[in-house]
Protein chains: 2
Amino acid sequence: MENKIRILLYEDNRDLREGMTFLLQATPSLQLVGAFPDTSNLEMQIPGLKPDVVLMDIDMPGRTGIDATPVVKALRPETQVLMVTVFEDEDRIFQAIRNGASGYLLKRTSPTEIIAAIHDVYQGGSPMTSSIARRVLHFFQQEQPVAKSKDYDLSPRELEILKSLVKGFSYKLIADEHFISIDTVRSHIRHIYEKLQVNSKTEAVLKALKEKIV
Amino acid sequence: MENKIRILLYEDNRDLREGMTFLLQATPSLQLVGAFPDTSNLEMQIPGLKPDVVLMDIDMPGRTGIDATPVVKALRPETQVLMVTVFEDEDRIFQAIRNGASGYLLKRTSPTEIIAAIHDVYQGGSPMTSSIARRVLHFFQQEQPVAKSKDYDLSPRELEILKSLVKGFSYKLIADEHFISIDTVRSHIRHIYEKLQVNSKTEAVLKALKEKIV
DNA sequence: AAGCCAATCACATAAAGAGGTGAAAAACTC
DNA sequence: GAGTTTTTCACCTCTTTATGTGATTGGCTT
């Protein structure tokens, strides 16, 4: 392997940072290009050091790893961010992922596994422990059982009009959009209201959104 | 270990089913309680066989593994469903997870890993390959970068009024709700419209929802 | 063929909402 | 303590929406 994976490390705990530094430097396939206790110079370091993989702690003084992650992805989208942290709560996991992290390891992960995870994330995987994965899946499953949204029996045309309502259009705009008269729009909307059991535009829009009719 | 993990297998391909059957029976910590080529008798088998873990193929004649999964979870929520399949597309992965699957393995996974995954899922983990995990993360990341929602600088009172708008209330109702006159409501709403740069109730509500201002 | 429903349009009235202008008391800021 | 913002209210005008009633056309069903 001629090209080493370029690693950048952010970790505020000195012992951990030095331990990781040692581990990474001892691995021939990796090249540690920097190790810092905070992300205050992130905007310089990412473009300058061009890391392939950033190991990011979450709890750091100043900007947290959660907040730093989207900045990394904005500065250099091809850089993979691997969270390495002690936090196992769904909230932080979720935020990190939403912000662009590609993997999530716990600090108690063994050195061997950390090295493996780095290769993994570099090759397009998303390493995470199966307990983290379970928490991630949890998010999807939390969302309402999706049940089949009640069928309000809207006609195709009515559905189109409803979609336009949800775009925030006025009657006039909807009429123009569909090349029909305002009175026709009114007529459709009357029927929609009856079927949805509402009596204002806002209620119809809210119901359409909440029940995913559109 | 006195209690073996009870396994139920659904797999339409005969060779694969028999191969898996052999593998599972050869593992002392597991007890195979059934192996079927389709899910037509799912409603009888789940309550009858009380599996701890169901290995579920996706592509089966009749009801697919995707459709069978929520039925399993409904019949016996404590049963863990592990998808074992050849499909790696985000759509199927997503559907399986939404329907309650707790893990997702590819058929090319080694026997050792499959056995490990069964124990893993039984103990509350969510085994999946890191490439599957990457696809799962992808869903989260597709959603808008969340950035910090723009600050429209609404005053506390304006925010309350906006919340009422989002409940679908009329001016009159909002006035009653907050013990203020309709004219005051109008006044607040005018300011809200200015700040949000909209000019109708529906637009305000949509913007509030979309940008998570409320 | 008769009947039903979807889609179109019209006219009319009443209620709700949008926009202009002004203003006063209270709270907050500098 | 002077100036700004927030919250409250009023009145007036115009537009948009909501609702009633009715009617025509074309497609689908029985």
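Residue numbers start from 1 in every chain, and the chains themselves are labelled A, B, ... in the order their sequence lines are given, proteins ahead of strands. Nothing here was measured: the structure is a model prediction, and the numbers come from that model.
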*Rounded to the Å, how far apart are A:Lys172 NZ and C:dC9 P?*
13 Å
*Expressed in angstrom and rounded to an integer, what is the separation of B:Phe169 atom CZ from C:dA16 atom P?*
15 Å
*Taking only residues at least two apart or on different chains, which pairs with a member in residues 77-87 of chain A satisfy side-chain hydrogen bond (donor to acceptor under 3.5 Å, both in side chains)?*
A:Arg76-A:Thr79, A:Gln80-A:Ser102, A:Gln80-B:Arg134
*Can a salt bridge be assigned to the pair B:Lys107 and B:Glu11 using a cut-off of 4.0 Å between side-chain N and carboxylate O?*
yes
*Atom NZ of B:Lys201 and atom P of C:dA15: how far apart are they, to the nearest Å?*
16 Å
*What integer distance in Å separates A:Leu154:CG from C:dA7:P?*
10 Å
*Pairs touching residues 36-74 of chain B that satisfy ring pair (Phe, Tyr, Trp, His ring centres under 6.0 Å), sequence neighbours left out*: B:Tyr10-B:Phe36
*Taking it one step at a time, do A:Ser110 and A:Glu113 satisfy side-chain hydrogen bond (donor to acceptor under 3.5 Å, both in side chains)?*
CA-CA 5 Å; A:Ser110 75; A:Glu113 286 178 284; 3.1 Å; yes
_Rounded interatomic separation in angstrom, taking CD1 from A:Ile174 and P from C:dA7_ = 15 Å
*Over how many whole Å does the gap from A:Leu173 atom CG to D:dT16 atom P extend?*
10 Å
*Return the 5'-most residue of the pair B:Lys195, A:Ser200 with respect to DNA chain D, ranking by each residue's nearest nucleotide.*
B:Lys195
*asked:* Treating primed atoms plus P, OP1 and OP2 as sugar-phosphate and everything else as base, which nucleotides of nucleotides 7-15 of chain D get B, S or - for protein heavy atoms under 4.0 Å?
replied: BBBBB----
_How many whole angstroms separate atom CD of A:Glu194 from atom P of D:dT17?_
19 Å
*Has A:Tyr193 got a side-chain N or O lying under 4.0 Å from the OP1 or OP2 atom of D:dT19?*
no
*Between P of C:dA10 and OH of A:Tyr171, the distance in whole Å*: 17 Å
*Can A:Arg63 and A:Glu43 be counted as an ion pair, charged N to O under 4.0 angstrom?*
yes
*So how far is it from A:Leu30 CG to A:Ile115 CD1, rounded to the nearest 0.5 Å?*
5.0 Å
